[in-house]
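Heads up: the structure comes next, in structure tokens.
In listed order, ligands and their atoms are each counted from 1.
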Amino acid sequence: MVEGIKDQQMEVYSEAVKSGLYAKKTGLVGKYDNVRRYWEDEITRQFLRPYLQNLLHRSQSQMQRLRILDLGCGSADGYELLAGVRHRDPSLQEVEVDLLTPDVLGIYKGFDLNKDLILQARELYSHNPKMVFEQGDFTHGLPVSKNESPYDLYFASYGTCSHHNRDQTLVRLLADIAGRVEKHCLIICDWIGRYSYEWPSLWVNDFSKERNMDYVVSYIYEKEEREQRRGELQHLSLRLVSRKEAETIVTEASEKAGVEIKPLVYFDRSVFTGRHMDTAEYNPHAQPIRLAVNSLHEVNMRTDLTHLLVDYVPKRGFEFLNDYFEHLQMCWNTLIQYVGELLQRYDEKQQRFSVELPVIPGSYPPALRDMMERMRQVVEGIGWLGIGLPRENIIEPQLGYALRHLITNLQQGQGCAHGLVGIFEVDKT
Ligand SMILES: C[S@@+](CC[C@H](N)C(=O)[O-])C[C@H]1O[C@@H](n2cnc3c(N)ncnc32)[C@H](O)[C@@H]1O
């Protein structure tokens, strides 16, 4: 009897392990690491917000709900990304902060070539009849039938457009979309950036060279395992895209459709924090900055701030990029060093800075000055707290957000990061 009860109890633990809920979760590595959740998803949401707001306003004024087509949806991460877009600056009292609430969504259709991902997406969302998934190949044109109503938002995320290894297939897809628009739509394209600091070995001035990179998916393993499994690592052929190349593709699609596909904004995502900064696969000078930023956002973990400092190594013949990255590096490091000083000079017992702080020069870029001032307020406001690990759990995550704000303000949407995103509009009204 006692043995029977014991067996039963052990079964409970076995079931828990099988469910995955007992898996050790960390934000330091993996697909959904802290940079993905707190930086990449959030930066994308920040740029999308005003356009999504406008789109919702349009559909609601027509008494219609929003129709979304996610091209290369994987297991529907794009839906989660969109569903997480919030109203701008909701007050502390508000509870309803999401823009895309279930009642305003008409349909989310996800489309992907990989049948396992489609099955996973169906498993995750089978309870929601508004979520539909189909398997197919977007290089064969727009995957919608003739009698299907047009969509309001054509969405691609996380480098998916770089799966078009030949530009002509993306030109055709965009032209198909533009041709089918009845009134208005938004199109989001997401490519792998040509000039990321992760791969200066692939930078070229002649765009007819190094068009598709051999992208090795090595970052899913930690260093040791990565080397042990080198032979089994998966490789993808992905189109590297600069702003100029994106503009050429979109202009060609506009001409093909005879309809304007208007660029609204381009932005660079993950300038110093792309996944291959940590692997140094394509740049021997790359430093594990993503891991250090992941650590800033990790609960109860203290970060050595010197691990965040970037030492950009220039590439000859690319002065326009060297100037840009050196400026970013200087701003980035200045903020980190300033926070280091704040922590040194703060006297927890006296609840104030023990030594006067250096004046922030007026010549610094406004975003840097703002973030330095903010971090001063954070350290001053929280340094004395004592309970709850204020450095690990409040000051360091705030430094993460300050760095994110800084880099988001200084990026120029030129393809100088892991991801280049373009937001476009077709307006026939
Ligand atoms: C980088 S993943 C992005 C997945 C997802 N959108 C996300 O945000 O995580 C690229 C996705 O594009 C899909 N894909 C690649 N080539 C495709 C094609 N020719 N047609 C349709 N889907 C494709 C892949 O299966 C993969 O799910």
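For atom 25 (O) of ligand 1, the nearest non-hydrogen atom of the protein is D112 OD1, 2.6 Å.
Close approach of ligand 1 to G74 is summarised as follows: ligand atoms under 4.0 Å from at least one heavy atom of the residue are 27 (O). Interface atoms of ligand 1 facing H163, defined by a heavy-atom separation under 4.0 Å, are 10 (C), 12 (O), 15 (C), 16 (N). Residue G136 has at least one heavy-atom neighbour below 4.0 Å for each of these atoms of ligand 1: 20 (N), 21 (C). Atoms of ligand 1 found under 4.0 Å from any heavy atom of T139 (numbered from 1 in listed order, with element): 19 (N).
The aromatic ring centres of W199 and H418 sit less than 6.0 Å apart. Here H164 and F138 bring their ring centres to under 6.0 angstrom of each other. Aromatic rings of H276 and Y282 (six-membered ring for Trp) have centroids within the 6.0 Å cut-off, being under it.
In this model, a donor atom of one side chain and an acceptor atom of the other lie less than 3.5 Å apart for D214 and H235. Between the side chains of D268 and Q412, no donor-acceptor pair of N or O atoms lies under 3.5 Å.
Under the 4.0 angstrom criterion for non-hydrogen atoms, R36 is in contact with ligand 1. Heavy atoms of A76 come nearer than 4.0 angstrom to ligand 1 in no pair at all. Remark: distances from the non-hydrogen atoms of K31 to ligand 1 include one below 4.0 Å.
The shortest N or O to N or O distance between G159 and ligand 1 is not below 3.5 Å. At under 3.5 Å, a nitrogen or oxygen of S157, whether backbone or side chain, sits near a nitrogen or oxygen of ligand 1. The distance criterion of under 3.5 Å between nitrogen or oxygen atoms is not met by F111 with respect to ligand 1.
Here the options are E298, E40, R290, H297, the test is side chain to side chain donor-acceptor pair (under 3.5 Å), and the partner is N34; only E298 passes.
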- Task: Determine, stepwise, if the pair R376 / E380 fulfils salt bridge (charged side-chain N to carboxylate O under 4.0 Å, His left out).
- Result: CA-CA 6 Å; R376 187 190 62 73; E380 199 168 29; 2.7 Å; yes

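Aromatic ring orientation, Y195 versus W203: perpendicular (interplanar angle above 60°, classes split at 30° and 60°).
With a 4.0 Å heavy-atom cut-off, ligand 1 is reached by the backbone of C73 but not by any atom from C-beta on.
Within the set D137, D77, D116, L117, the minimum heavy-atom distance to atom 9 (O) of ligand 1 is found for D77.
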